[in-house]
Asks: 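So that we are looking at the same thing, I have put the structure below in structure tokens.
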Amino acid sequence: MRLYNTLTKRKEEFVPIEEGKVRMYVCGPTVYNFIHIGNARPMIVFDTARRYMEYKGYEVNFVSNFTDVDDKIIKKSIEEGIPAEEVSERFIKECKKDMADMNVRPATTHPQATKEIQGMLDMIQTLMDKGYAYNVNGTVYFRTRKFEEYGKLSHKNLDDLRSGERALLVTGEDQKEDPLDFVLWKPKKEGEPAWESAWSDGRPGWHIECSVMSKKYLGDEIDIHAGGEDLIFPHHENEIAQSECANGKIFAKYWLHNAFLNIDNRKMSKSLGNFFTVREIGEKYDLQILRFFMLSAHYRSPLNFSQEIMEASKNALERIVTCADSLKRIADAAANADLTAEESAKLTEMAAFRNKFEEAMDDDLNTADAIAAVFELVKFANTEAVSGCSKAFAEAVRKEIIELCDILGLIAEKKEEVLDADIEALIQERTAAKKAKNFARADEIRAQLLEMGIVLKDTREGVVWTRA
Ligand code: AMP
Ligand code: ZN
């Protein structure tokens, strides 16, 4: 498998540090609101990378954080008159719901910055001891000039950056030794969450959070570090500086960055009024369609979101689902169970689509071409697996479609519709169970209905149900 590495600006063969294992860190969202569809892009893209690596047999330790201490969270907590923690806990929960609806699997670990403060204090102290950090009136800065490789990820000319930054220095920052020095620890302002430290009561800078969480859950050296391309500078550049100076080891071997998502060919922004949360899109579309749309382009290409493209994605995904569904009906109705010799030969031919799929994914996760291979398979299915074929043949083709889609996190099986009559029947059974004092069964039925998205409410007039 080849991956484009921002560090070397080349596609490189992926060789893990430890054979058969992948340690991967993806910078997660700042949780002050519902996530927007831009945030969904790295989630979907890197979840797909993880799924593909697992398909190839790697054991993937996948860590993605929640940034739960930040100016925007504090601002929101002041606006709403609630503690910052309440804001972040609420939106972590909402984010996890959106992730589940987009079929993004939970990470192996989802660390939260506020729960890892001790690790940050330790790393900052190490940097101080080694001369890579300095304290000015309670603010601790990283001494970029001391790290000779600073700038290696973003390939920036440091002198240009320095003169640019010097002009931008805001009051209070002139205490820095160098305009490129960045904050590791800052003293608290009135009303802000704060932790005790040797330098001041305060809170960590954003960059140190990821260096520490990555070290704690994945170790000093990791295989892949990923995020949106806006994070290359300064966030990831600073993470490298902190981790490599503190640990004395190369931080991450491969740096992967997704390009941005635009809306109607313009940068997504609240002020332009072209800003959508994942939840808003979910009210109109099954979020599988959003996932399909995201994967229909290569992750390093800018992607444009529009109503028309979502409609086209809906139709395209529907073609796959309909094909898998009709194969199921063909299999159920088939007169012959076993493969004919001719069908066996066709199945050998069918392997070409999986090969194409893998070739595309091996080439820097080219999901666009992988999806094209799935469509070739659908075309094959629609012409070869028609009524009259054996059950084994229809089932094999259907299984192939479902498996390839599953690697991309797309569900090709049609969701079974829950019919009102089935719900009523279960409710009647539950009422009867309760009458017979079989409360275990009654609870079991309630849980079963909940799983089907049906919520029960016991009222004086009897049981009332709603679709969740
Ligand atoms: P943030 O909460 O702003 O730190 O963003 C969380 C993740 O979403 C980061 O990896 C960002 O790079 C990514 N991201 C934010 N906006 C977009 C966008 N419009 N398109 C693609 N990725 C984005
Ligand atoms: Zn990060």
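Counting starts at 1 for both ligands and their atoms, in listed order.
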Asks: Taking the Zn ion (ligand 2) as the vertex, what is the angle from SG of Cys210 to NE2 of His235, given to 10 degrees?
Replies: 110°

Asks: Identify, by atom number and element, the atoms of ligand 1 in contact range of Gly228, meaning under 4.0 Å from any of its heavy atoms.
Replies: 10 (O), 12 (O)

Asks: Any atoms of ligand 1 less than 4.0 Å from a non-hydrogen atom of Ala259? List them with their elements.
Replies: 21 (C)

Asks: Decide salt bridge (Lys or Arg N to Asp or Glu O under 4.0 Å) for Asp71 and Arg203; before the verdict, give the C-alpha distance in whole Å, the side-chain angles of both, and the deciding distance to 0.1 Å.
Replies: CA-CA 11 Å; Asp71 288 344; Arg203 61 186 164 107; 2.7 Å; yes

Asks: Closest non-hydrogen protein atom to atom 22 (N) of ligand 1, residue and atom name please, with distance?
Replies: Gly38 O, 3.1 Å

Asks: How close does the nearest protein non-hydrogen atom get to atom 15 (C) of ligand 1, and which residue and atom is it?
Replies: Asn39 ND2, 3.5 Å

Asks: Restricting to N/O/S atoms, is His236 within less than 2.8 Å of the Zn ion (ligand 2) or not?
Replies: no

Asks: At what distance is the nearest protein heavy atom to atom 13 (C) of ligand 1, and which residue and atom is it?
Replies: Pro42 CG, 3.7 Å

Asks: Report the relative orientation of the aromatic rings in His257 and Trp255; use parallel for angles under 30°, tilted for 30 to 60°, perpendicular for over 60°.
Replies: parallel

Asks: Numbering the atoms of ligand 1 from 1, which are under 4.0 Å from a heavy atom of Asn258?
Replies: 21 (C), 22 (N)

Asks: Tell me, please: is His36 in heavy-atom contact with ligand 1, that is, under 4.0 Å?
Replies: yes

Asks: Angle class for the His207/His235 ring planes (parallel below 30°, perpendicular above 60°, tilted otherwise)?
Replies: tilted

Asks: Counting only N and O atoms by type, is there a donor-acceptor contact under 3.5 Å from the side chain of Thr108 to the main-chain atoms of Val63?
Replies: no

Asks: May I ask you to check whether Tyr254 and Phe14 place their ring centres under 6.0 Å from each other?
Replies: yes

Asks: Among all the protein's non-hydrogen atoms, which is closest to atom 11 (C) of ligand 1, and how far away is it?
Replies: Asp230 OD1, 3.5 Å

Asks: Can you classify the ring geometry of Phe182 versus Tyr150 as parallel (below 30°), tilted (30 to 60°) or perpendicular (above 60°)?
Replies: parallel

Asks: What atoms of ligand 1 come within less than 4.0 Å of a heavy atom belonging to Leu261?
Replies: 18 (C), 19 (N), 20 (N), 21 (C)

Asks: So which heavy atom in the protein is nearest atom 4 (O) of ligand 1, and how far is it from that ligand atom?
Replies: Thr30 OG1, 3.7 Å

Asks: Keeping to residues at least two apart or across chains, list the salt bridge (charged side-chain N to carboxylate O under 4.0 Å, His left out) pairs with something in residues 83-95.
Replies: Glu89-Lys115, Glu94-Arg279

Asks: At what distance is the nearest protein heavy atom to atom 17 (C) of ligand 1, and which residue and atom is it?
Replies: Phe260 CZ, 3.4 Å

Asks: State whether Cys27 contributes an N/O/S atom found under 2.8 Å from the Zn ion (ligand 2).
Replies: yes

Asks: Considering the heavy atoms of Leu231, write down every atom of ligand 1 situated less than 4.0 Å from one of them.
Replies: 9 (C), 10 (O), 12 (O)

